[in-house]
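These numbers were taken from a predicted model, which means no experiment stands behind them.
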Amino acid sequence: MQRRHFLRASAASASAFGILRLAGACRPADGTGAGDAAGFSALRDRYFVKALAFAPVAATYVGGDGYSDALADVNATLRDVTPSALDAERAFYREVQEQLGAIRPEALSPALRVDHAVLGAQVGFLLHQLVERRYHERAVDSYVAEPFRGVDWQVQQMTDVGNGQLGTEPEWERVARRVEAIPHYLEAARDQLARGKASGNLPDRRMVQKDGIAGSTANAEYFRTTLPATAKPFLGDRPFAATLLARLDAAGGKAATAWADFARFLGATYDPKDPEDRFVAGEVEYAWRIKHCLRLERSVADLFDYGAAQVAEYERRLVAVAEQVATAAKLGLSFASPAAARGSVRAVMDWLGKDSPRDDDELLRWYVEAGRRAVQYGRDQGLFDIPADYRLDVYPTPPVLRSTIEAAYYPAPPFRKSGVGRFYLTPTGSDPAALRLNNRASVADTAVHEGFPGHDWHYKYMTQHAAGISNIRWFTPGAVEDSSSMWIDSMATEGWGLYSEELMAEPATGHPAGFYSPAELLYELQGQLLRAVRVHVDTGIHSGRMGFDEAVDYFCEHVNFVPGARARAASDATARAVLEGAERALYRYSKWPTQAICYNLGKGEIVALREAARERQGARFSAKAFHEAYMGQGPVAPGFFREALLG
């Protein structure tokens with residue numbers, strides 16, 4: 001067995017803080033219930049291995065082959081979505097759910113009680129997707145994204161053998177087998193989608209076009225051309241290289257043909273002019289996810305109103321900083337009325353947009369420089385114990401992911417020693433209008449969120465302290481990042497990313513805006529405003545309180561301060577870029593219900609936890625220790641571990 005020993009004591013700094021009490025996996029909290037603890041630990045571990053076997057790409061994401069010999073070959077496979085395989089999934093999850101119900105949470109240690117709740121939520125979600133929603137009959141984006149992501153993550157995680165070469169022969173052989181599995185995988189996907197079509201269980205027309213047809217076309221190019229070209233230098237001139245490269249060429253060609261056929265199937269199966277907005281989750285489903293997956297006790301109506309209030313608060317703060325920047329630059333702008341203030345904020349941003357990169361290459365360099373500056377600020381301020389060799393790199397987003405993200409972070413697998421986390425930045429195509437929206441002042445905030453002390457730092461800290469984080473807290477039920485996902489991790493990770501933005505804005509001696517310049521603070525506040533807007537529009541579109549175009553227009557006005565962008569887009573390049581960005585954002589929210597709200601609400605949960613810890617600890621409170629204790633709980637929604645964290 002390669003399995004690591006999980007649920008050991010947490011990091012020393014977190015233990016010293018006195019709020020993180022992780023017990024041994026089989027040790028009961030009060031000296032009783034040893035059978036419950038041992039039984040639960042066995043059930044949890046059995047579930048984790050089997051669930052990863054059912055979800056091979058999720059297994060690749062966490063490095064499941066480094067966890068157990070039973071998963072040694074998982075990277076050579078794709079999910080089996082044939083009817084018999086899905087029947088087996090349903091039967092297993094029902095069995096786990098029944099056995100979990102027989103275990104008394106009160107007999108478990110605080111850490112195991114957290115895991116008990118997490119396991120119950122995960123199994124409940126998986127059965128909800130398979131049985132009640134039959135989501136496999138409409139999961140177009142999942143079918144398109146998973147094969148690419150699986151292979152891309154495999155390459156990221158490969159062993160560095162030196163001389164610029166990556167991957168052992170068995171690692172590349174598993175890549176080839178996974179690519180060879182694509183035609184059969186797509187055949188089964190077509191069968192499930194046809195079942196959905198026959199029963200009226202249909203995907204939204206936007207998903208069919210953007211993720212389905214366009215994504216399949218991008219996949220065809222990737223597997224036919226990009227993957228073999230990427231593999232060639234990594235394979236080098238080693239004895240097995242020629243054979244593996246030829247195999248990848250052949251498998252990639254067959255996969256490309258299968259993707260082209262899949263795109264044609266989608267075009268022939270679904271009506272591109274379908275007038276119904278089929279992305280809408282509905283208020284009942286959305287409320288279930290808020291409580292069951294995100295562990296929040298809030299209604300959809302409350303969150304819709306809360307989002308609007310947050311928008312108003314961050315607009316007020318942003319306008320104040322914009323006026324400060326405008327005054328310093330002697331721009332002569334008026335902020336006398338709400339309408340004038342919004343126009344002046346846009347004017348300030350347009351003025352800052354003049355300092356924009358020449359092309360995508362320069363934009364990438366700016367992000368790298370901003371990330372390294374943030375790391376140095378963290379060292380200077382003593383925010384964290386940062387290793388001397390820690391650095392932040394930025395990579396262009398792979399083409400198949402560009403329809404969904406502008407910037408994103410994909411972490412290294414926690415169960416493998418090889419692999420690196422990647423901060424992806426989507427190229428603009430060197431479009432001048434889009435580059436102006438990515439001006440120099442706007443870069444710092446995103447570098448903080450995706451890099452340091454946001455996702456890159458968060459995931460690297462968790463990975464380095466993985467021995468204190470139980471296995472299932474790393475699992476992403478449903479999918480890692482598409483419309484099938486549970487998003488149990490987003491409250492913790494995206495909440496941390498947004499919290500990091502605000503943390504770096506806290507005043508320090510000689511730094512009234514923290515890490516940021518006043519112009520950069522303007523964009524930090526715009527980032528906070530963006531996440532507030534997400535709460536309002538995500539709850540709005542999925543509960544029917546807002547239409548898609550209404551939400552896009554709201555986004556243009558309140559995030560980019562360009563009211564009427566839709567009407568001006570044909571003749572105004574900036575308005576067109578703003579509108580396209582808003583449509584891309586709302587499309588993402590439409591297919592990922594509740595994910596967009598995790599940023600603001602997750603940040604709020606961290607702030608509430610920090611203040612509760614400060615109140616309990618008094619003079620003994622340490623922000624650094626609290627942050628490490630929080631990160632040490634792993635990537636699950638804070639609502640699952642609040643009591644365990646506070647002790």
Side-chain angles (χ1 to χ4, degrees), residues 1-4 49 52-80 145-186 219-259 393 395 398-401 410-422 463 466 474 480:
M1 295 290 289
Q2 305 174 62
R3 181 185 169 190
R4 297 183 182 182
V49 172
L52 288 184
F54 283 136
V57 173
T60 299
Y61 180 68
V62 297
D65 59 334
Y67 177 85
S68 168
D69 285 342
L71 298 170
D73 225 26
V74 73
N75 286 350
T77 64
L78 292 168
R79 187 184 180 197
D80 187 347
E146 286 211 335
F148 163 75
R149 282 201 170 109
V151 170
D152 186 54
W153 287 331
Q154 279 177 275
V155 175
Q156 288 183 39
Q157 296 171 13
M158 281 183 171
T159 305
D160 187 341
V161 297
N163 298 320
Q165 297 175 357
L166 291 179
T168 63
E169 184 174 6
E171 287 175 333
W172 281 109
E173 196 270 341
R174 291 186 184 108
V175 170
R177 286 165 59 192
R178 177 168 272 176
V179 177
E180 289 166 347
I182 288 175
H184 175 71
Y185 168 82
L186 290 179
N219 273 347
E221 177 64 20
Y222 173 80
F223 286 103
R224 177 186 292 111
T225 305
T226 306
L227 178 60
T230 300
K232 187 173 183 179
F234 289 156
L235 285 164
D237 58 358
R238 287 175 286 173
F240 62 86
T243 300
L244 257 300
L245 191 59
R247 188 173 171 186
L248 279 176
D249 270 323
K254 292 179 181 178
T257 299
W259 283 117
D393 293 314
Y395 302 85
V400 74
L401 300 180
Y410 290 90
F415 302 125
R416 286 176 60 102
K417 293 180 180 179
S418 60
V420 295
R422 285 192 176 178
T463 301
W474 295 100
V480 175

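Minimum interatomic distance between Leu71 and Ala53 (heavy atoms only, all atoms of both residues): CD2-N, 3.9 Å. Closest approach of Arg79 and Phe54 over heavy atoms only: CG-O, 3.3 Å. Considering all non-hydrogen atoms of both residues, Gly150 and Thr60 come closest at O-CG2, 3.7 Å. Considering every non-hydrogen atom in both Ala220 and Ala256, the closest pair reads O-CB, 3.4 Å. The shortest non-hydrogen separation linking Thr463 to Pro414 is CG2-CA, 4.0 Å.
Residues satisfying the side-chain contact (heavy atoms from CB on, under 4.5 Å) criterion with Ala58, sequence neighbours excluded, are Ala55, Phe475, Thr476, Val480. Qualifying side chain to side chain donor-acceptor pair (under 3.5 Å) partners for Glu169, counting only residues two or more places apart in sequence or in other chains: none. For the side-chain contact (heavy atoms from CB on, under 4.5 Å) test, residues two or more places apart in sequence or in another chain that qualify with Asp160 are Leu166. Remark: Pro170 engages Thr168, Arg174 in a side-chain contact (heavy atoms from CB on, under 4.5 Å) (not counting sequence neighbours). In terms of the salt bridge (Lys or Arg N to Asp or Glu O under 4.0 Å) criterion, Arg178 has no residue partners (sequence neighbours excluded). By the side-chain contact (heavy atoms from CB on, under 4.5 Å) test, Thr257 pairs with Asp261, sequence neighbours left out.
Between the side chain of Glu146 and the main chain of Leu78, no donor-acceptor pair closer than 3.5 Å is present. Gln157 places no side-chain N or O within 3.5 Å of a backbone atom of Pro413 that could act as its donor or acceptor partner.
Rounded to the nearest 0.5 Å, atoms CG (Asp65) and CG (Asp73) are 9.5 Å apart. Put simply, CZ on Arg416 and OG1 on Thr159 are 6.0 Å apart, with the number rounded to the nearest 0.5 Å. Interatomic distance, Glu171 CD to Asn75 CG, rounded to the nearest 0.5 Å: 8.5 Å. With rounding to the nearest 0.5 angstrom, the CH2 atom of Trp474 is 7.0 Å from the CZ atom of Phe415. The CZ atom of Phe240 sits 9.0 Å away from atom CH2 of Trp172, with the distance rounded to the nearest 0.5 Å.
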Show, in sequence, the C-alpha distance, side-chain angles and deciding distance for Val74 and Leu52, and conclude whether the side chain to side chain contact (heavy atoms under 4.5 Å, CB included) test is met.
CA-CA 8 Å; Val74 73; Leu52 288 184; 5.8 Å; no
Show the atom names and distances, to 0.1 Å, of all donor-acceptor pairs under 3.5 Å that link a side chain in residues 224-236 to residues at least two apart or in another chain.
from	atom 1	to	atom 2	distance (Å)
Thr225	OG1	Glu221	OE2	3.4
Thr230	OG1	Thr226	O	2.8

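Taking the six-membered ring where tryptophan is involved, the planes of Trp153 and Tyr61 are tilted, since the angle between them lies from 30° to 60°.
Within the structure, every pair that satisfies the salt bridge (Lys or Arg N to Asp or Glu O under 4.0 Å) test and touches residues 246-259, not counting sequence neighbours, is listed here: Glu173-Arg247, Glu180-Arg247.
Here the rule is side-chain hydrogen bond (donor to acceptor under 3.5 Å, both in side chains) with Asp152, and of Gln156, Arg149, Gln154 only Gln156 fits it. Just one residue in the list Tyr222, Phe223, Tyr185 forms a ring-ring contact (aromatic ring centres under 6.0 Å, His included) with Phe148, and that residue is Tyr222.
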